[in-house]
2 protein chains.
Amino acid sequence: MSTENPGALPTSLQRLWEGTTPGRRGPKPALSAERIVEAAIELADEDGLAAVSMARVGKRLGFSPMALYRHVRDKEELLVLLSDAAAGDPPPIDPAVGWRRGLEIWTRAQIDGVLERPWLLELPLSSTPFGPGRVRWLDRAFEVMRPLDIPTDDKLGIAGLLAQHVLGEARVQVESRRAAADRVRRETGAAPGTPESDLDPAALAAADPYTDFEIVLQRYIGPDTYPSLFEAMSAWEPEAPGAGVTTSDEIDFGIMVILDGVEAYIARRRRG
Amino acid sequence: MSTENPGALPTSLQRLWEGTTPGRRGPKPALSAERIVEAAIELADEDGLAAVSMARVGKRLGFSPMALYRHVRDKEELLVLLSDAAAGDPPPIDPAVGWRRGLEIWTRAQIDGVLERPWLLELPLSSTPFGPGRVRWLDRAFEVMRPLDIPTDDKLGIAGLLAQHVLGEARVQVESRRAAADRVRRETGAAPGTPESDLDPAALAAADPYTDFEIVLQRYIGPDTYPSLFEAMSAWEPEAPGAGVTTSDEIDFGIMVILDGVEAYIARRRRG
DNA sequence: ACCAAACTGCGTATACCGTCAGCAGTGCGT
DNA sequence: ACGCACTGCTGACGGTATACGCAGTTTGGT
């Protein structure tokens with residue numbers, strides 16, 4: 001079964017892996033999927049994912065909107081290519097640090113990548129497929145897990161678990177960062193639309209990192225409606241200021257738990 | 001700091017928690033945010049998230065598109081309300097099963113919920129905020145973790161970790177299901193757009209559960225481009241047929257690893 | 001050298017989409 | 001009974017993705 005033809009791929013994945021076949025006749029294409037994706041990434045970096053429209057991408061490249069459709073089937077396909085290209089390159093990881101520390105570095109690097117491109121969080125999960133970009137990261141994860149004597153399936157599961165955690169952790173940090181910016185805007189009387197780069201960095205760093213979630217907890221959670229949560233809340237001491245933003249030296253609770261789980265799994269496996 | 005006014009909320013979150021203030025004068029509103037969200041959910045259940053447009057939601061309720069804007073600021077706000085309402089209710093969980101089994105049930109129930117509404121995966125992470133629906137689930141998680149003697153922050157982290165895993169696991173299963181449907185469509189010569197419900201259930205169950213990912217691995221991963229991944233692939237025996245779809249009796253590797261990690265964390269905490 | 005085929009980019013046109021502004025009707029508070 | 005607050009709606013606008021077909025360009029075959 002593993003040797004028979006495994007069937008066809010969705011066209012977007014195929015284009016992702018095979019690229020556009022050159023085409024022997026006709027005028028040399030002045031445009032390419034790579035250049036289109038590149039321009040789309042620039043737009044997203046500047047003004048968020050909503051700024052990525054076929055018209056604007058075309059205009060930025062000096063082409064008409066319809067020109068893009070010769071290299072990209074769909075807008076959806078463009079977003080798929082975009083998402084894969086934005087994955088970037090994984091950092092080299094010294095095997096000497098061991099698999100545990102290696103996976104931690106790997107995960108942190110991915111979180112940093114999302115923090116640099118927060119619009120990745122605006123993409124639906126369904127348009128982040130297994131393209132070359134993401135597989136490069138996966139390859140690096142397998143390099144790190146090379147000394148681990150567990151089935152490939154389990155390694156896949158571990159990488160998937162950590163990759164999923166990346167999204168959750170990045171989301172928390174992006175949201176906390178946005179909440180702080182909102183707070184500064186309100187307190188300094190800046191216009192609600194002021195870009196974050198125009199705000200006072202010192203004020204930003206000093207702003208209380210209340211996330212929306214914490215505000216909701218304090219304001220709406222009562223003993224009748226959400227008893228267990230309320231009970232836990234009562235015994236809750238908010239962390240020190242700045243705790244909402246996990247700096248790279250602090251312990252990431254999520255990574256720690258997952259890696260502890262992996263260790264427990266390996267130990268149990270070795271035993272039985 | 002924990003007692004001072006924690007500041008304003010984004011308007012969508014506020015509407016989510018406070019609802020629409022009734023309005024004492026003027027005609028009784030014939031429409032409500034709840035009914036709008038309800039109709040939107042029906043549309044999404046039938047034809048996916050793309051079918052949810054202001055015009056279609058209005059038409060389904062027998063109102064004009066603009067009527068919705070009296071109850072919902074934005075389409076984005078509608079999606080936020082939609083996402084929270086679609087969370088549904090968590091099942092009751094017998095405390096006697098213990099926190100570990102309880103969290104497993106909690107997670108599985110959430111995965112099942114997403115499988116019933118696959119369009120939840122099409123929503124960007126950024127429009128799934130902490131509304132009453134999601135907080136009901138969180139409350140249930142805290143009920144399950146009641147016997148655990150760890151800080152509230154850590155319980156939040158655990159719930160977040162599992163909730164994030166829900167998305168990853170549901171995504172894998174949805175994608176595997178879709179791949180099987182594609183395969184059946186191709187083999188039976190059905191039109192590419194045939195809805196899954198019109199396909200032969202027996203053929204669907206028997207279809208090889210190759211995911212796109214596995215096809216990519218077999219077709220494009222070479223020793224030069226992705227050496228570590230290729231090495232692991234060579235030693236890879238694909239699982240038995242049907243393995244792509246995790247039934248509720250099987251072990252979910254992800255849940256297991258996370259819960260093992262939680263246990264390790266608790267043990268270490270008790271020790272030191 | 002020539003022509004047909006293949007291929008590119010673009011102009012036009014369509015059908016939506018979300019949403020702003022203003023209007024007519026309704027019913028409570030006074 | 002009056003006015004005001006509030007409703008839902010009409011009309012319009014700018015933006016969106018994209019189907020279709022045309023004109024121009026390069027190449028392979030003859």
Side-chain angles (χ1 to χ4, degrees), chain A residues 11-12 15 18-37 39-40 43-44 47-82 119 122-124 126-127 193, chain B residues 11-12 15 19-37 39-40 43-44 47-82 119 122-124 126-127 192-193:
Chain A
T11 60
S12 52
R15 176 133 19 181
E18 302 188 349
T20 316
T21 38
R24 286 278 139 255
R25 255 193 282 216
K28 306 258 166 80
L31 212 48
S32 71
E34 283 83 10
R35 286 226 297 148
I36 293 175
V37 170
L43 282 170
D47 297 309
L49 195 65
V52 178
S53 78
M54 300 305 255
R56 266 194 284 258
V57 173
K59 174 177 277 183
R60 165 167 289 242
L61 293 166
F63 288 87
S64 104
M66 288 310 290
L68 310 184
Y69 285 87
R70 294 275 178 211
H71 304 89
V72 156
R73 170 180 304 274
D74 241 7
K75 183 180 182 184
E76 195 181 320
E77 186 176 290
L78 170 59
L79 289 183
V80 165
L81 300 179
L82 182 72
W119 47 265
E122 298 177 50
L123 284 169
S126 31
S127 48
Chain B
T11 60
S12 52
R15 175 130 22 180
T20 315
T21 38
R24 287 276 139 257
R25 259 194 280 213
K28 304 256 165 82
L31 211 48
S32 71
E34 283 82 12
R35 287 225 297 147
I36 293 175
V37 170
L43 282 170
D47 297 308
L49 195 66
V52 177
S53 79
M54 299 305 251
R56 266 194 283 255
V57 173
K59 173 176 278 183
R60 165 167 289 242
L61 293 166
F63 288 88
S64 103
M66 287 310 290
L68 311 184
Y69 284 86
R70 295 275 178 213
H71 305 88
V72 157
R73 171 178 304 273
D74 239 13
K75 182 178 182 186
E76 196 180 320
E77 186 176 288
L78 171 58
L79 289 184
V80 165
L81 300 179
L82 182 72
W119 47 265
E122 299 177 48
L123 284 168
S126 31
S127 48

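Naming convention: chains lettered A, B, ... in sequence-line order (proteins, then strands); numbering from 1 in each chain.
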Worksheet item: Can a side chain N or O of R56(B) be found less than 4.0 Å away from OP1 or OP2 on dC16(C)?
Response: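 The answer is no; no side-chain N or O of R56(B) sits under 4.0 Å from OP1 or OP2.
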
Worksheet item: dG9(C) phosphate, OP1 or OP2: any side-chain N/O from H71(A) under 4.0 angstrom?
Response: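 Indeed, a polar side-chain atom of H71(A) lies that close.
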
Which of the following nucleotides, [options], is nearest to the side chain of [X]?
X: A67(B); options: dC9(D), dG11(C), dG9(C); answer: dC9(D)
X: P27(A); options: dC10(C), dT8(C), dC9(D); answer: dT8(C)
X: A30(A); options: dG11(D), dG9(C), dT18(D); answer: dG9(C)
X: S64(A); options: dG8(D), dG11(C), dT19(C); answer: dG11(C)
X: R70(B); options: dG25(C), dA17(D), dC23(C); answer: dC23(C)
X: D74(A); options: dC9(D), dT18(D), dA17(D); answer: dT18(D)

Rounded to whole Å, how long is the line connecting atom [atom1] of [X] with atom [atom2] of [N]?
X: M54(B); N: dT19(C); atom1: CE; atom2: P; value: 6 Å
X: L61(A); N: dC10(C); atom1: CG; atom2: C1'; value: 15 Å
X: K59(B); N: dC16(C); atom1: NZ; atom2: C1'; value: 12 Å
X: K28(A); N: dT25(D); atom1: NZ; atom2: P; value: 14 Å
X: L49(A); N: dT16(D); atom1: CG; atom2: C1'; value: 14 Å
X: I36(A); N: dT8(C); atom1: CD1; atom2: C1'; value: 12 Å
X: E77(B); N: dT19(C); atom1: CD; atom2: P; value: 11 Å
X: L78(A); N: dA17(D); atom1: CG; atom2: P; value: 9 Å

Worksheet item: Stepwise, does the side chain to side chain contact (heavy atoms under 4.5 Å, CB included) test hold for L82(B) with L49(B)?
Response: CA-CA 10 Å; L82(B) 182 72; L49(B) 195 66; 3.9 Å; yes

Worksheet item: Hey, is CD on E18(A) packed in by over 12 heavy atoms from elsewhere, all under 6.0 Å?
Response: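 More than 12 heavy atoms, drawn from other residues, nucleotides or ligands, come within 6.0 Å of this atom.
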
Item to complete: Could you pull out the closest heavy-atom pair between W119(B) and A44(B), with the gap in Å?
Response: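 Of all heavy-atom pairs spanning W119(B) and A44(B), the closest is CD1-O, 3.2 Å.
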
Worksheet item: Would a 4.5 Å heavy-atom cut-off, applied to side chains only, mark M54(B) and L78(B) as touching?
Response: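 With C-beta onward as the side chain, the pair touches.
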
Worksheet entry | Close side-chain approach of R60(A) to L43(A), heavy-atom, < 4.5 Å |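 Heavy-atom side-chain distance check passes, below 4.5 Å.
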
Worksheet item: Taking the nucleotide of DNA chain C with the closest heavy atom to each, which residue, A51(B) or M66(B), is nearer the 5' end?
Response: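 Result: A51(B).
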
Worksheet item: Using a cut-off of 4.0 Å on non-hydrogen atoms, how would the nucleic acid contact of Y69(A) be classed: base, sugar-phosphate, or nothing?
Response: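 Base, at least one base atom sits under 4.0 Å.
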
Worksheet entry | dG27(C) base / R25(B) side chain donor-acceptor hit below 3.5 Å |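 A donor-acceptor contact between them is absent.
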
